[in-house]
Amino acid sequence: MGYGPGAGQPGQANLNKRSKVTHLTLRSMKEQGERIAMLTAYDASFARLLDQAGADVLLVGDSLGMVIQGQDNTLPVTMEHMIYHCQAVARGVMAATGRAMVVGDLPFMSYQSSEDEALRNAGRLLKEGYAEAVKLEGGAEYADLVRKMTRIGIPVMGHIGLTPQSVHALGGYRIQGKTDEAAATLKAHSRELADAGAALLVLELIPSALAAEVTASLPIPTIGIGAGVDCSGQVLVLHDMLGITRGKLPRFVKNFMVGNDSIENAIRAYVAEVKAKTFPDNAIHGY
Ligand code: KIV
């Protein structure tokens, strides 16, 4: 058994590869002020391009329900779908440099009904899907679960603010944390998740000043989407930033195909802008 970059991953022997990004790498990036560039990925071909273009983290998001399956929201996505797409993404990364970290989303109702089921499903994303961490939506109500997953060796990415699996409860895709009370609640959730051992935290669609405050208050990296430039990193849905998504896009999205002559160059431009802190521009893409 090898302990080199990507050891234990699917695919061929991993020669001449770049060192693997782990949640520890991401934490030290935060400490050193280097921004984390994350994008969603759903298949091997795009995963290969994303890894080659320098994306640090590939999130196999349950957004695949919308952008791959054509559903109205993420709720119909199943564990089988997630495992299938995680496997494809992990293979794509291994076929390129093997560097990017692969995170698998736990789909709706794969972790909400019981802790046993949640642990089993998180384990399946690592064991069968070759993900290196899992993401779950929600706050303090999942702190115990995050603690258990972390203890058994499953790095967890939290996700607060707009949580798309709760679209019906939230009454739509609305900005979160706008009132003082809502902001205080989000801050408390972020602290509980970090204390429980969450390795990373997605902040979706919250005011940039609140995201900056949360980021400064936590030891773990935050990854923003519609949360301003002062997060430790950024994520976008791949199809949104490549201009493939139909209809009106949220204000925080930028189409990186504009001004770039290939998909790989558009991804490189995104990575460069995130690292240079020029994306997002709070005045254009922020709240
Ligand atoms: O499912 C997804 O793609 C996500 C990101 C947009 C954060 O959760």
Side-chain angles (χ1 to χ4, degrees), residues 26 36-43 46-47 50 55-79 81-86 88-89 100-112 121-122 125 129 131 133-139 142 156-167 170 173-176 186 190 193 198-206 211 214-215 220-228 231-242 244-245 249-254 256 267 270 274 279-280 285 287:
L26 301 174
I36 298 160
M38 172 164 137
L39 281 167
T40 64
Y42 315 101
D43 67 38
F46 274 110
L50 288 159
D56 300 304
V57 186
L58 307 193
L59 170 66
V60 188
D62 61 358
S63 51
L64 70 83
M66 293 154 101
V67 300
I68 303 294
Q69 300 175 337
Q71 311 273 12
D72 279 347
N73 55 49
T74 60
L75 304 189
V77 176
T78 66
M79 275 303 296
H81 299 151
M82 290 309 307
I83 289 169
Y84 174 86
H85 287 280
C86 282
V89 168
M101 176 175 172
V102 177
V103 180
D105 236 347
L106 281 164
F108 182 56
M109 291 317 293
S110 68
Y111 58 98
Q112 287 90 343
N121 282 327
L125 286 184
V134 302
K135 178 166 83 59
L136 57 80
E137 297 182 8
Y142 293 112
V156 181
M157 178 183 280
H159 182 161
I160 59 171
L162 173 68
T163 45
Q165 290 177 12
S166 306
V167 59
L170 296 173
Y173 298 104
R174 301 158 180 276
I175 186 162
Q176 302 295 309
L186 280 177
S190 72
L193 288 169
L200 291 159
L201 183 61
V202 170
L203 302 176
E204 180 161 354
L205 206 57
I206 65 172
V214 169
T215 302
I220 60 169
T222 61
I223 307 290
I225 172 162
C231 299
S232 321
Q234 300 292 328
V235 61
L236 284 177
V237 169
L238 183 67
H239 292 55
D240 292 352
M241 58 79 74
L242 293 179
I244 299 170
T245 304
L249 288 174
R251 200 169 115 187
F252 58 77
V253 173
K254 173 173 171 182
F256 283 85
I267 297 165
Y270 169 79
V274 170
F279 176 78
H285 304 283
Y287 292 92

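Just so you know, ligand 1 is whichever comes first in the structure, and atom 1 is the first atom listed for that ligand.
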Checklist entry - Are the side chains of V57 and I223 in touch, meaning some heavy atoms are under 4.5 Å apart? => result no
Next on the checklist: side chain to side chain donor-acceptor pair (under 3.5 Å), that's the test. Do H81 and Q69 meet it? Break it down for me.
Outcome noted: CA-CA 10 Å; H81 299 151; Q69 300 175 337; 3.1 Å; yes
Checklist entry - Quick one: does ligand 1 sit under 4.0 Å from the side chain of D105, the backbone, both or neither, non-hydrogen atoms only? => result side chain
Checklist entry - Considering only heavy atoms from C-beta outward, does the side chain of H285 approach that of Q234 to under 4.5 Å? => result no
Checklist entry - When the ring planes of Y270 and F256 are compared, do they come out parallel, tilted or perpendicular, using 30° and 60° as the limits? => result perpendicular
Checklist entry - Among I175, V202, V167, L205, which residue meets the side-chain contact (heavy atoms from CB on, under 4.5 Å) test with L162? => result L205
Next on the checklist: So for ligand 1, is S63 a polar contact partner (N or O within less than 3.5 Å, distance only)?
Outcome noted: yes
Checklist entry - For ligand 1, is there an atom lying under 4.0 Å from some heavy atom of H159? => result yes
Item to check | Main-chain N/O of S110 paired with N121 side-chain donor or acceptor, under 3.5 Å | outcome: yes
Checklist entry - Relative to ligand 1, is L59 under 4.0 angstrom through side chain, backbone, both or neither, heavy atoms considered? => result side chain
Next on the checklist: I'd like to know if the side chain of H239 reaches the main chain of I244, judged simply by a donor and an acceptor atom lying under 3.5 Å from each other, with no hydrogens or angles considered.
Outcome noted: no
Item to check | K135 N/O under 3.5 Å from ligand 1 N/O | outcome: yes
Next on the checklist: Under 4.0 Å, heavy-atom basis, I'd like to know which part of D62 is in contact with ligand 1: side chain, backbone, both or neither.
Outcome noted: both
Checklist entry - Which of the atoms in ligand 1, numbered in the order shown and given with their element, are less than 4.0 Å from a heavy-atom of G61? => result 1 (O), 2 (C), 3 (O)
Checklist outcome for this item: Under 4.0 Å from one or more heavy atoms of I225, ligand 1 contributes atoms 6 (C)
Checklist entry - What atoms in ligand 1 come closer than 4.0 Å to a heavy atom of T40? => result 3 (O)
